[in-house]
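One structure below.
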Amino acid sequence: MNELEKFSPGLDGVVATETSISYLDTIQEEIVIRGYDLIELSKSVSYVDIIHLLLEGRLPDQSEKNSLETSMLERYELPSAVFEVLKLLPEQTHAMDGLRTGISVLGGYDHAIDDRSMLVNKERAYRLLGQVPSIVANSYRILTKTEMIHPDKNLPYSANFFFMVTGRKPSPIEEKIFDLSLLLYSEHEMPNSTFTARVIASTQSDLYGALTGAVASLKGNLHGGANEAVMHLLLEAGTISKFEELLRTKLSNKEKIMGFGHRVYMKKMDPRATMMKGALQQLCHIKGNDLLYHMCEAGERIMEREKGLYPNLDYYAAPVYWMLEIPIPLYTPIFFAARTAGICAHVLEQHAQNRLFRPRVKYVGERHVL
Ligand SMILES: CC(=O)SCCNC(=O)CCNC(=O)[C@H](O)C(C)(C)COP(=O)(O)OP(=O)(O)OC[C@H]1O[C@@H](n2cnc3c(N)ncnc32)[C@H](O)[C@@H]1OP(=O)(O)O
Ligand SMILES: O=C([O-])CC(=O)C(=O)O
């Protein structure tokens, strides 16, 4: 076969790069992160451990974890120009577009921007892991004309992030579940946003540019934007029977149902969704209102029966964030903030073992002779 005829729409099944960061092992059913199964890790470690694992290649000991947590909290402060630029954005700007703009502004403050060495890139990644949550919380506050919020440096990393997006300190169980959601969102092999970041990095462009492109990718509702779309569907329905009716109507209109299906786990439930489903059940029980849990289960049954499709992480993360009283426009930005760890690891790896991404096309246009 002619090389140029090897074409897979959407690059389905195409191996884009070698990596030692992560791999979706569909045979052993593991989300392999630096050799460990993410689901198993989620039972004993926290999001900060995963950041260390992704960027350093190994889990931290307690003192490494403490100093990482402290150093990221110290990096939450942002140049005031980031806020000044965000204030100029029109009110209807989506929080993901605010985030994209904010990260882009940060690039100008990096005096070593052309230095892509591992050492400098890693320091940059840790700084961004402090700054991105701060942009997420404050760009939304600026856009909704509410008061800016500063980090509470006495709180652990995830509890502080929760505090900055909701304006209140989480209860221990809320902190645990929010942390779990960040951990589950942290890294997932080669989704569109990570691929986007690596493509950008492969021109020897910088980490800010790669992240900015990845925000734009993750915003789409076939990717991270699905979590917000799921919540709007649930709210539009409001009851179990109306949710079932809504799904059936959408399916008969050949519409896609957000939160279902996945390029890699098409015939099985995303194992991260199973974890978030458990968290939703727990939260609903504690808060004495299990409507969302039962609505989601009803939706799950219909989708399995009618389409043979299963929930992905966004389907259960959305109602979990709702029960945590997080504003809906922040669901996708929070997903991105959590994924910053994974994407940074990929950009660092791309810079360290770079070859420019430059695929070919299957030309189906006309040819003319002048
Ligand atoms: C954390 C994350 O980012 S996970 C992804 C979040 N995104 C979503 O939840 C959006 C909804 N889901 C989808 O659109 C898809 O399942 C994707 C984008 C995730 C994967 O897409 P692909 O691998 O390209 O599969 P594709 O879109 O071609 O679907 C294959 C078939 O399943 C159907 N299908 C896939 N997902 C859905 C869905 N959610 N609802 C209804 N039908 C669906 C398609 O209509 C298609 O049917 P057809 O062959 O009869 O045309
Ligand atoms: O892997 C994908 O294509 C999308 C996804 O689930 C993620 O980014 O977490």
Side-chain angles (χ1 to χ4, degrees), residues 8-17 19 21-26 30-33 38-39 42 47 50 54 96 180-198 211 214-234 243 246-277 296 299-300 302-321 331-343 345-346:
S8 172
L11 302 183
D12 193 351
V14 171
V15 173
T17 190
T19 182
I21 299 168
S22 71
Y23 168 59
L24 303 186
D25 182 342
T26 52
E30 286 186 7
I31 300 172
V32 181
I33 308 281
L38 183 68
I39 301 301
S42 73
Y47 176 62
I50 302 293
L54 284 165
M96 280 300 269
L180 174 67
S181 78
L182 300 181
L183 179 149
L184 295 173
Y185 268 137
S186 64
E187 165 60 15
H188 206 236
E189 196 210 63
M190 198 51 57
N192 191 292
S193 49
T194 305
F195 183 52
T196 301
R198 286 192 79 128
L211 285 172
V215 177
S217 155
L218 200 111
K219 181 187 175 196
N221 66 6
L222 294 190
H223 192 3
N227 58 13
E228 293 179 19
V230 167
M231 200 61 234
H232 289 300
L233 268 186
L234 288 164
F243 189 49
L246 187 63
L247 295 191
R248 287 207 178 91
T249 308
K250 284 188 177 291
L251 288 178
S252 65
N253 292 340
K254 304 251 171 281
E255 283 179 54
K256 276 190 165 177
I257 311 297
M258 296 296 127
F260 284 90
H262 194 281
R263 176 65 66 80
V264 183
Y265 326 107
M266 212 38 137
K267 293 286 159 214
K268 283 218 168 87
M269 178 140 153
D270 176 341
R272 302 167 301 170
T274 309
M275 298 301 289
M276 271 291 101
K277 182 177 177 179
C296 287
E300 207 182 311
I302 290 194
M303 289 302 283
E304 182 180 6
R305 208 177 316 126
E306 313 258 324
K307 291 289 289 185
L309 285 172
Y310 298 87
N312 57 53
L313 174 55
D314 284 333
Y315 185 66
Y316 277 107
V320 162
Y321 285 165
Y331 294 6
T332 315
I334 290 171
F335 175 174
F336 187 84
R339 184 56 59 83
T340 301
I343 295 179
H346 278 276

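Quick note: residue numbers are just sequence positions, from 1. When a ligand or atom number is given, it counts from 1 through the structure's own listing order.
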>> I need the atoms of ligand 2 closer than 4.0 Å to a non-hydrogen atom of Arg272, numbered in the order shown.
In response: 5 (C), 6 (O), 7 (C), 9 (O)
> Got a sec, which residues hit salt bridge (charged side-chain N to carboxylate O under 4.0 Å, His left out) with Lys256, two or more places apart in sequence or on another chain?
Replying inline: none
> Does Glu300 have any salt bridge (charged side-chain N to carboxylate O under 4.0 Å, His left out) partners at least two apart in sequence or in another chain, and if so, which?
Replying inline: Lys277
>> Just to check, does Met190 reach to within less than 4.0 Å of ligand 2 when the distance is taken from its heavy atoms?
In response: no
> Any donor-acceptor pair under 3.5 Å linking the side chain of Ser22 with the backbone of Glu189?
Replying inline: yes
>> For atom 4 (C) of ligand 2, tell me which residue out of Glu187, Arg339, His262, Glu189 has the closest non-hydrogen atom.
In response: His262
> Among side-chain atoms of Asn192 and Thr196, is any donor-acceptor pair under 3.5 angstrom?
Replying inline: yes
> At what distance, to the nearest 0.5 angstrom, does CG of Leu222 lie from CZ of Arg263?
Replying inline: 10.0 Å
> Any side-chain heavy-atom pair from His346 and Met190 closer than 4.5 angstrom?
Replying inline: yes
>> Going by the rule salt bridge (charged side-chain N to carboxylate O under 4.0 Å, His left out), which residues pair with Arg339 if we only count those two or more places apart in sequence or in a different chain?
In response: none
> What is the nearest protein non-hydrogen atom to atom 1 (O) of ligand 2, stated with its residue, atom name and distance?
Replying inline: His188 ND1, 2.8 Å
Which protein N or O atoms sit under 3.5 Å from any N or O of ligand 1? Give atom names and distances.
residue: ligand 1; atom: 3 (O); partner: His223; partner atom: ND1; Å: 3.0
residue: ligand 1; atom: 7 (N); partner: Leu222; partner atom: O; Å: 2.9
residue: ligand 1; atom: 9 (O); partner: Gly259; partner atom: N; Å: 2.7
residue: ligand 1; atom: 9 (O); partner: Asn312; partner atom: ND2; Å: 2.9
residue: ligand 1; atom: 12 (N); partner: Phe260; partner atom: O; Å: 2.8
residue: ligand 1; atom: 14 (O); partner: Lys256; partner atom: NZ; Å: 2.9
residue: ligand 1; atom: 16 (O); partner: Phe260; partner atom: O; Å: 3.4
residue: ligand 1; atom: 23 (O); partner: Arg263; partner atom: NE; Å: 2.7
residue: ligand 1; atom: 24 (O); partner: Arg263; partner atom: NH2; Å: 3.1
residue: ligand 1; atom: 27 (O); partner: Lys256; partner atom: NZ; Å: 2.5
residue: ligand 1; atom: 39 (N); partner: Ile257; partner atom: O; Å: 2.7
residue: ligand 1; atom: 39 (N); partner: Phe260; partner atom: O; Å: 2.8
residue: ligand 1; atom: 40 (N); partner: Ile257; partner atom: N; Å: 2.9

> Is it the side chain (CB and beyond), the backbone, both or neither of Arg263 that lies under 4.0 Å from ligand 2, heavy atoms counted?
Replying inline: neither
> Phe335 vs Tyr185 aromatic rings, parallel, tilted or perpendicular, using cut-offs 30° and 60°?
Replying inline: parallel
